[in-house]
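Below, chain A is the first sequence line, B the second, and so on; all start at residue 1. Side-chain atoms are counted along with the backbone in the values below, which use heavy atoms only and exclude waters and symmetry mates.
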Amino acid sequence: MAIRTSVLFVLLFLSSANLAFSLYEDQVGLMDWHQKYIGKVKQAVFHTQKAGRKRVVVSTEQNVIASLDLRHGDIYWRHVLGADDAIDAIDIALGKYVITLSSGGSILRAWNLPDGQLVWESVLKGSNPSKTMLIVPMSFRVDKENLIFAFAEGCLHAVSSIDGEIIWRKDFAAESLEVQQVFQAPGEATVRVLGYLESSQFHTYEINPRKGDEMKHVIVDFPGGLSGDTVLVSDDVLVALDATRLVLLTIFFQDGEINFQKTQISSLVDDFHGLVEILPSKLADMFALKTNEFLVLARVTDGGKVELVEKIKEAAALSDAISLSDSQQAFALVRHENEKLRIFAKPVHDWNMDLLKETIKIDNHRGLVQKVFINNYLRTDRSHGFRALIVMEDHSLLLIQQGEIVWCREDGLASVIDVTTSELPVEKDGVSVSKVEQNLFEWLKGHILKLKGTLMLASPEDVAAIQKMRLKSSEKSKMTRDHNGFRKLLIVLTGSGKVFALHTGDGRIVWSLLVQSLRKSENCDYPTGLRIYPWQVPHHHAMDENPSVLIVGRCGPSDDAPGLLSFIDAYTGEELNSLVPIHSIVQVIPLPLTDSTEQRLHLLVDANQRAHLYPRSPEALSILRPEISNIYWYSVEADNGIIRGHASKGSCSHDAEDEYCFEPKHLWSVVLPAESEKIVATGTRKINEVVHTQAKLIADQDVMYKYVSRNLLFLATTAPKGSGEIGSATPEESLLVVYLIDTITGRILHRMTHQGSQAPVHAVFSENWVVYHYFNLRAHRYEMTVVEIYDQSRADNKDVLKLVVGKHNLTSPVSLYSRPEVIAKSQSYFFTHSLKAITVTSTAKGITSKQLLIGTIGDQVLALDKRYLDPRRTVNPTQAEKEEGIIPLTDSLPIIPQSYVTHALKVEGLRGIVTVPAKLESTTLVFTYGVDLFFTRLAPSRTYDSLTEDFSYALLLITIAALIVAIFVTWIWSERKDLQEKWR
Amino acid sequence: MAGEKVWWILTVMAVLLATASHHHRAGAFQSDELLIEQDDDLVGAIGGGGGGGVGVDPVSPPRSRKRYSEAAESDSKVQFTLEHAFGDSDFSPAGTFSARLKTWSHGPQTLTKLRFSRNALTEVDKEKFEKLLQEDDFYRIRLPSNVLSPPGRDYIVASIKARCLPRDSLDEHFVIHMDGVNILSVNYGPPGACPYPRQLKLPAKWSFKSHYYLKSTDLAPRTPVFTEEITLGENGEAEVVKPPERSFWAKYWMYAIPLGLVVMNAVTQAMNMPPEEQAGGQAASQQGAAAAQRGPTAVRRR
């Protein structure tokens with residue numbers, strides 16, 4: 001009976017499988033992998049309970065709060081807060097809650113420490129944006145009220161740590177006080193608030209923590225002015241900088257009196273120049289200053305004098321002081337000395353003593369040390385041991401204990417900017433054979449196990465073994481090219497300026513490189529990576545060379561900042577060459593031309609719309625010269641609503657004759673009415689997309705020609721009011737206009753208005769169609785619209801006679817200067833989800849049907865068949881249309897739970913989906929990135945061109961052998977019987 | 001008589017209302033109707049004889065629209081100039097578009113009845129154009145982006161390879177994309193194909209033959225809403241939904257097939273029974289007698 005039901009299920013599945021992609025439970029992890037990250041750590045709080053649970057709670061720049069295992073660095077629990085919910089401070093209260101203050105201090109939350117459940121959440125309301133501070137008093141007595149103080153938006157709030165109730169609040173913004181520090185000294189009952197009024201008056205308040213009333217308020221005028229940097233040195237000393245940032249102020253505020261003492265920084269350190277900053281590290285009695293060249297540690301003596309302790313030239317990081325015992329406090333100092341990390345733990349009062357001194361060799365590609373957090377523990381010999389959590393320049397997180405790196409997390413991968421792929425090297429002869437011989441027995445054993453599995457004879461242990469074998473299959477993680485093109489290198493550019501190469505088989509890091517030119521340097525202040533492109537893809541005659549990638553970045557946030565280029569070998573991960581700084585880069589155009597070493601020619605367009613050719617070689621120039629008249633580019637002034645098209649006018653001659661640079665000639669412009677339209681989204685076709693056929697057969701043996709042009713730009717604009725959040729505009733005043741613009745001639749091929757709709761708009765453009773997603777204010781729902789454009793100029797090529805005689809224009813070259821004869825068909829559907837990203841599957845030859853991959857708000861990826869988004873769907877399709885595969889019209893798009901590509905997993909903080917064709921036509925590789933990474937491969941029309949991986953060849957062979965044996969046996973039998981018959 | 005008059009007035013008002021809702025786009029009431037505004041949007045014309053600068057009347061608008069326009073909007077004339085440039089030269093006036101500006105009672109303004117007169121090409125222009133043809137360079141035109149306050153925020157520029165234009169005369173085709181009084185873009189080029197590679201061909205007549213259209217935005221098709229089905233379902237709740245009558249086979253196939261199998265099985269078993277057994281079976285009833293009869297025969301055989 002069970003078999004029958006399962007057979008029934010299989011039948012059901014097969015009948016629905018043509019529409020839905022799905023996975024069996026035991027196939028999870030077979031061709032997909034998922035990696036969890038947290039991002040660059042901003043703040044860390046250790047908690048080492050006695051009960052063996054050694055954990056650290058961290059908050060990161062990717063708005064993640066996570067609890068990590070101190071032994072292995074694994075994530076116990078993790079929460080990704082929204083993109084606009086940046087974490088300002090974290091702390092642990094009552095030994096069981098993690099308190100986070102986020103969103104500029106407006107949301108205070110408590111999470112249960114062991115499992116990360118949200119315990120309570122309070123919204124703090126203030127008036128003015130200000131510094132944010134979270135104060136969790138170190139009281140160990142249970143009978144106290146356990147108040148937490150949160151200073152945010154100009155108000156001090158006292159919140160009960162048990163249920164998050166706001167007990168009282170005191171507004172300082174009304175008095176226009178700039179609050180600098182809020183603290184509660186361990187022994188004292190009052191909360192102190194220190195601040196400036198108009199940068200010239202210094203105020204201290206003492207506040208009763210129970211009721212919030214003012215107990216004492218002292219004001220002192222300070223005529224010299226004060227700047228924003230302050231640090232508390234001890235419970236009654238504050239160090240600040242004056243307005244000129246040249247004088248240190250030591251402010252004593254003991255017993256209701258305030259005294260100042262000034263110290264010239266130049267008297268402390270003689271050879272400084274540039275801006276001085278006070279580091280926020282809390283070191284009892286000491287403080288740290290940072291100039292552009294070195295780090296200065298200074299101490300405030302009992303007499304109020306400031307004296308220099310140490311001047312550190314090299315890169316270094318300081319932790320806050322932690323208390324070892326009642327009288328002893330210590331802090332950590334990490335110094336980076338060429339490839340070595342020297343870690344010191346020093347008691348606060350004695351600089352010359354080292355509680356700990358360790359030297360660790362560290363890879364150069366991790367960059368400099370940026371942050372350190374320390375924690376102490378009792379060693380077996382009752383002395384103090386220290387562990388240090390170190391954040392490096394590449395955003396990686398290291399735990400160091402007993403002079404070695406206990407674990408290391410590559411959290412740079414949480415901030416992926418762009419992805420490209422590279423083929424692996426071709427397999428050398430002789431490698432695979434020996435491997436097979438070596439493991440012949442293993443291979444046989446594996447196949448027998450598999451056979452047992454197929455015949456349902458396997459015991460649970462066998463099943464586990466089979467599963468393990470499948471997951472660990474060495475096939476998929478080999479470092480060579482495979483026949484199906486599943487194994488590739490994913491080359492990933494991250495926000496830290498580090499480039500990783502990940503293997504598609506198992507997601508391991510093959511190499512990583514902190515790109516030198518993406519690091520801060522004299523001629524490039526704030527370098528950021530923008531895009532990554534395949535630069536050299538060896539092919540045919542340049543097979544011996546390694547492929548390389550091009551990284552495009554810029555030095556600074558604005559468009560006209562100088563650009564930078566870096567070329568990296570895709571196999572070894574070495575920087576081959578770099579150009580820093582060069583002209584600004586606003587657009588990169590990979591040309592369909594390569595030189596003799598298979599380097600792709602690229603045009604880089606600068607802010608003045610000049611196009612620069614790379615590589616800068618005479619050969620490249622000679623290749624480009626004949627083609628330059630057919631090269632066009634366009635620029636979008638998003639704020640102005642103007643799009644312009646350009647062609648080359650000739651070599652630049654602005655300052656020096658530069659033959660690799662081409663002056664623009666203004667060809668066309670589209671000016672959108674500024675008062676009613678604002679650009680919210682654009683979309684273009686992927687450069688490397690392949691379209692299998694231009695003709696599309698439709699129902700009654702008719703044919704339509706897709707308008708397949710690479711030079712189409714999809715543009716969506718909304719009324720300026722409707723470009724904000726949903727609900728910011730009424731349906732009457734909101735309007736969504738979509739355009740299809742030919743970027744060679746500037747012609748608008750299609751323009752369509754959606755009334756009562758608004759941003760956010762996400763669009764994907766492929767072949768001759770574009771699908772976009774927006775919000776319909778009238779229907780109160782999200783919608784997706786498809787627009788398909790067809791070429792009418794070829795429509796009269798249907799006559800067979802014409803084709804035979806040769807009177808058709810199918811082979812004539814297409815010129816975009818001809819008058820476009822296109823028709824556009826469109827249809828809208830409701831869609832339940834809001835989305836974060838949308839893309840489309842791409843295959844090697846473009847034959848396989850397409851699926852849309854939708855990154856949903858729940859951080860999952862949903863595969864939706866393109867057939868659902870067909871403008872030709874009708875309510876009652878005819879028989880012919882049904883045969884063509886047209887689905888009856890519905891008003892909304894279905895969400896089939898089995899079609900989640902990410903099955904049960906979540907790609908937290910999803911930002912982008914990249915699809916790469918495999919060599920096997922049916923299959924496409926999908927890489928999804930956000931805080932997490934997820935990779936899988938998809939077959940939108942199922943793998944019609946290959947057997948599945950778990951196909952049992954052994955079973956096939958055995959069956960054939962058994963059949964042959966059976967044939968012989970029966971033959972002998974029949975012979976014998978014949979003989980007997982004859983003898984009868 | 002009086003009744004007839006009232007009737008006539010009512011009809012006129014009904015017609016007016018119907019046409020009014022046809023044009024109501026940004027007003028308070030939003031019709032559910034899908035608006036097809038081909039008549040308005042494509043006001044087309046073929047202007048001939050660039051030398052004379054005489055435009056042919058555009059396709060006359062439908063009657064209902066005319067009546068409406070008389071009723072509710074004010075009219076004024078606007079003109080805007082077309083400028084052209086040869087290759088990289090500066091722009092110079094090349095012709096004038098004139099149109100009627102309609103101001104609807106509820107705000108938006110639209111252009112209708114576009115006419116165009118092109119200036120004749122001067123000798124200098126001809127030379128320049130010939131040079132363009134020789135070099136396969138761009139012939140560029142530009143229009144203001146706002147017809148009321150030219151040039152608006154910026155000029156709308158469009159270009160075409162000069163070799164695409166010459167046929168008998170210089171044939172050009174404008175599609176001017178409008179949004180109220182703003183010009184968004186102009187699709188400029190030959191009225192037909194421009195085959196590649198572009199051959200050098202000089203026009204027989206050095207004058208422009210212009211085709212021009214105004215085009216405003218299309219409205220997106222609305223998402224189909226299947227309310228009918230829903231209401232049907234709601235009505236249907238009261239009655240018990242009867243399942244459609246099924247045939248005998250559809251109902252009882254699961255019993256019929258096993259039964260059939262059993263029968264088949266029995267029959268085949270019966271068929272396969274060896275004849276002796278069959279005989280034995282038959283004989284069972286008359287065993288006594290048969291045994292007595294057979295006994296001697298058997299013996300006899302031996």
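Comparing A:K649, A:H750, A:E821, A:M752 by how many heavy-atom pairs each has under 4.5 Å with chain B, the most go to A:M752. Heavy-atom pairs under 4.5 Å with chain A peak, among B:K161, B:R140, B:R142, B:R153, at B:R153. Of the residues considered (A:P820, A:S828, A:P871), A:S828 shows the highest number of contacts with chain B, using heavy-atom pairs under 4.5 Å. Between chain A and the options B:P195, B:G180, B:G192, heavy-atom pairs under 4.5 Å are most frequent for B:G192. Most heavy-atom pairs under 4.5 Å with chain A, from the set B:P197, B:S145, B:C164, B:P191: that is B:P191. The residue among A:H666, A:E733, A:Q827 with the most heavy atom pairs within less than 4.5 Å of chain B is A:H666.
Taking the side chain as every heavy atom from C-beta outward, A:V670 and B:H177 never approach each other to under 4.5 Å.
Residues B:S185 and A:G746 come closest through the heavy atom pair OG-O, 3.5 Å. For the residue pair B:N182 and A:E675, the shortest heavy atom distance occurs at ND2-OE2, 3.1 Å. Here the closest heavy-atom approach between residue A:R751 and residue B:S216 is recorded as NH1-C, 3.9 Å. Taking every heavy atom of both residues into account, A:S818 and B:C194 meet most closely at OG-N, 2.7 Å. Heavy-atom minimum distance, A:L667 versus B:V157: O-CG1, 3.4 Å.
Heavy atoms closer than 4.5 Å to chain B are found nowhere in A:S757, neither backbone nor side chain. If you measure heavy-atom distances from A:A674 to chain B, the contacts under 4.5 Å come from both the backbone and the side chain. Heavy atoms of B:R198 lying under 4.5 Å from chain A belong exclusively to its side chain. Heavy atoms of A:D742 lying under 4.5 Å from chain B are absent altogether. Using a 4.5 Å cut-off between heavy atoms, B:D88 touches chain A through its side chain atoms alone. Using a 4.5 Å cut-off between heavy atoms, B:I183 contacts chain A through its backbone alone, with no side-chain atom that close. Residue contact with chain A, scored on non-hydrogen atoms closer than 4.5 Å, involves the side chain of B:D137 exclusively.
Put simply, OH on A:Y817 and CZ on B:F138 are 3.5 Å apart, with the number rounded to the nearest 0.5 Å. To the nearest 0.5 Å, atom CG of residue A:L749 and atom CG of residue B:N187 are 7.0 Å apart. Note that OG1 of A:T717 and CG of B:L184 are 8.5 Å apart. Values are rounded to the nearest 0.5 Å. The CD1 atom of B:I176 sits 12.0 Å away from atom CD1 of A:I748, with the distance rounded to the nearest 0.5 Å. Distance check: A:T753 OG1 to B:D179 CG gives 7.5 Å after rounding to the nearest 0.5 Å.
By the 4.0 Å N-to-carboxylate-O rule, A:R819 lies too far from B:D171 to be salt-bridged with it.
Atom NZ of A:K665 has more than 12 neighbouring heavy atoms from other residues, nucleotides or ligands inside a 6.0 Å radius. More than 12 non-hydrogen atoms from other residues, nucleotides or ligands lie less than 6.0 angstrom from CG of A:N630. Counting non-hydrogen atoms of neighbouring residues, nucleotides and ligands closer than 6.0 angstrom, the CG atom of B:N265 exceeds 12 such neighbours.
Remark: the backbone N or O of B:V175 is not paired with any side-chain donor or acceptor of A:R747 at under 3.5 angstrom. For the pair A:S669 (side chain) and B:Y155 (backbone), a donor-acceptor distance under 3.5 Å is present.
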